[in-house]
Participant: 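Take this structure, written in structure tokens, and hold onto it; I'll ask about it next.
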Amino acid sequence: MPELPDVEVFRDVLEEHGLERRIETVHLPSDSVLEDVSKSTLRRRLKGHRLVSTRRHGKHLFAGIDGGGWLRFHFGMTGYLASWEGDEDGPEHAKLILDFPGGRHLGYVCVRRLGVIGIVDDAEAFVEEKGLGPDARDLDLDGLRQRLEGRSGSIKGTLMNQGVVAGLGNIYVDEILYQSGVDPRARADGLPDDAARSIHRTTGRVLERAIDGGVEDFPRAWLIRRREAGADCGRCEGTIEKTEVSGRSTYFCPRHQRK
DNA sequence: GCCTTTGTTTGATC
DNA sequence: AGATCAAACAAAGG
């Protein structure tokens, strides 16, 4: 579930509850989601320090540590950040809990353990090494055109490829293509220019609106409100169909989404 | 109980 | 070589 807008909301949690407070205790319960860092190193790098800044690239979130380096989060399919106050245990399946003065806690929670936590020296360098494309929020039209060039796969698979554009996943790509009127199975490099233009414009609009709404209360006109085979399209007289594209369940309206 | 779901990595194939 | 695709992964809910 966590795609760019979700991670942006987690970033708000981090900004509001996790910054500029001394980390008193670092809890790393049982099965670890740590990558490239041991529990003891992570504890040493965080304990007694403060998180002082945040960065996001695509679905990756970073928290700058006052002693240098960045705490890195990836949320897999079911991860999220939570903050709470007091003596309660907090959510189940928390993999990392930071305790702050005054009883405030910040937790990284991941039920299915496909998320990852690590420490990196340099967030930029990490993005480079991973080979991530530009963040979907900053992508300009020419950049998008260039990145679709020579791609023989489906437009859906290409937009979900984090090396092409970072931040979009199954739900938002379906939404963008639905609102752009583009068939998810269309070849990425064969799109008419107005389709590329529409995808670009729609991507910006959809992401901003999703973030503004806190990733809830989506407009009624959105596909996300009717991801169900047989539902009325809502944009035209068509009917929503379910199929599989790039190995992912895909909802679209064959009537107004064209190749 | 099997199927579906989500994002990424992997190994194979084009 | 580089792109693309299917399968695997965990675990819960239908």
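Side chains included, hydrogens not; waters and symmetry mates left out as well; all remaining heavy atoms used. Residue numbers start from 1 in every chain, and the chains themselves are labelled A, B, ... in the order their sequence lines are given, proteins ahead of strands. Nothing here was measured: the structure is a model prediction, and the numbers come from that model.
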Participant: Where the side chain of A:Tyr251 is concerned, which of B:dT6, B:dT5, C:dT4 is the nearest nucleotide?
Facilitator: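 My answer, after comparing the listed nucleotides, is B:dT5.
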Participant: Rounded to the nearest angstrom, tell me the gap between atom CZ in A:Arg151 and atom C1' in C:dT4.
Facilitator: 10 Å
Participant: What's the closest nucleotide to the A:Ser246 side chain, out of C:dC5, C:dA12, B:dT6?
Facilitator: C:dC5
Participant: Examine the side chains of A:Tyr178 and A:Arg227 and answer whether a donor and an acceptor come within less than 3.5 Å of each other.
Facilitator: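 Not at all, the side chains of A:Tyr178 and A:Arg227 share no donor-acceptor pair under 3.5 Å.
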Participant: How close or far is atom P of B:dG7 from atom OH of A:Tyr172, stated in whole angstroms?
Facilitator: 11 Å
Participant: Of all the nucleotides listed (C:dC5, C:dT4, C:dA11), which has the minimum atom distance to the side chain of A:Ser152?
Facilitator: C:dT4
Participant: Rounded to the nearest angstrom, tell me the gap between atom CG in A:Leu168 and atom C1' in B:dT6.
Facilitator: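 Rounded to whole Å, this separation is 15 Å.
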Participant: Kindly say if A:Arg248 contacts the phosphate of B:dT6, meaning a side-chain N or O under 4.0 Å from OP1 or OP2.
Facilitator: no
Participant: Does one side chain, of A:Ser154 or A:Arg185, offer a donor that lies under 3.5 Å from an acceptor on the other?
Facilitator: no
Participant: Is any side-chain nitrogen or oxygen of A:Lys95 closer than 4.0 Å to OP1 or OP2 of C:dA10?
Facilitator: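 Answer no for this pair, as no side-chain N or O of A:Lys95 is under 4.0 Å from OP1 or OP2.
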Participant: Does a side-chain N or O of A:Lys130 approach OP1 or OP2 of B:dT9 to a distance below 4.0 Å, or not?
Facilitator: yes
Participant: Side chains of A:Arg147 and A:Pro134, heavy atoms from C-beta outward: is any pair under 4.5 Å?
Facilitator: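 Yes, at least one pair of side-chain atoms sits under 4.5 Å.
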Participant: Take atom CG in A:Asp232; do more than 12 heavy atoms of anything else shown fall under 6.0 Å from it?
Facilitator: no
Participant: A:Met77 has an atom CE; how far is it from atom C1' of B:dG7, in whole Å?
Facilitator: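 To the nearest whole Å, that distance equals 6 Å.
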Participant: I want to confirm an ordering. Mapping A:His93 and A:Thr158 to their closest nucleotides on DNA chain C, which one lands closer to the 5' end?
Facilitator: A:Thr158
Participant: With a 4.0 Å limit, can you tell me whether A:Gln162 has a side-chain N or O closer than that to the phosphate oxygens OP1/OP2 of B:dT8?
Facilitator: yes
Participant: Around A:Glu244, counting heavy atoms of other residues, nucleotides and ligands shown, do more than 12 lie under 6.0 Å from its CD?
Facilitator: yes
Participant: Can you tell me the distance, in whole Å, between the CG atom of A:Asp174 and the C1' atom of B:dG7?
Facilitator: 14 Å
Participant: Rounded to whole angstrom units, what separation is found between the CZ atom of A:Arg147 and the P atom of C:dG2?
Facilitator: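 Atom-to-atom, A:Arg147 to C:dG2, this comes out as 15 Å.
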Participant: Give a yes/no answer on whether the side chain of A:Ser154 brings an N or O atom under 4.0 Å of OP1 or OP2 in C:dT4.
Facilitator: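 Checking A:Ser154 against C:dT4: no side-chain N or O falls below 4.0 Å of OP1 or OP2.
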Participant: Once you round it to whole Å, what is the distance between P of B:dG7 and CD1 of A:Ile171?
Facilitator: 7 Å
Participant: Can a side chain N or O of A:Ser249 be found less than 4.0 Å away from OP1 or OP2 on B:dT5?
Facilitator: yes
Participant: If we ignore angles and hydrogens, is there a donor and acceptor under 3.5 Å between the side chains of A:Lys156 and A:Thr250?
Facilitator: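 Yes - a donor-acceptor pair under 3.5 Å links their side chains.
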Participant: Could you check how far CG of A:Asn161 sits from C1' of C:dG2, rounded to whole Å?
Facilitator: 12 Å
Participant: Between C:dA12, B:dT5, B:dT6, which one does the side chain of A:Lys242 approach most closely?
Facilitator: B:dT5
Participant: Are any of A:His74's side-chain N or O atoms less than 4.0 Å away from OP1 or OP2 of B:dT8?
Facilitator: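 Result: yes.
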Participant: Think A:Lys59 has a side-chain N or O under 4.0 angstrom from the OP1 or OP2 of B:dT8?
Facilitator: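 Answer is yes, contact under 4.0 Å.
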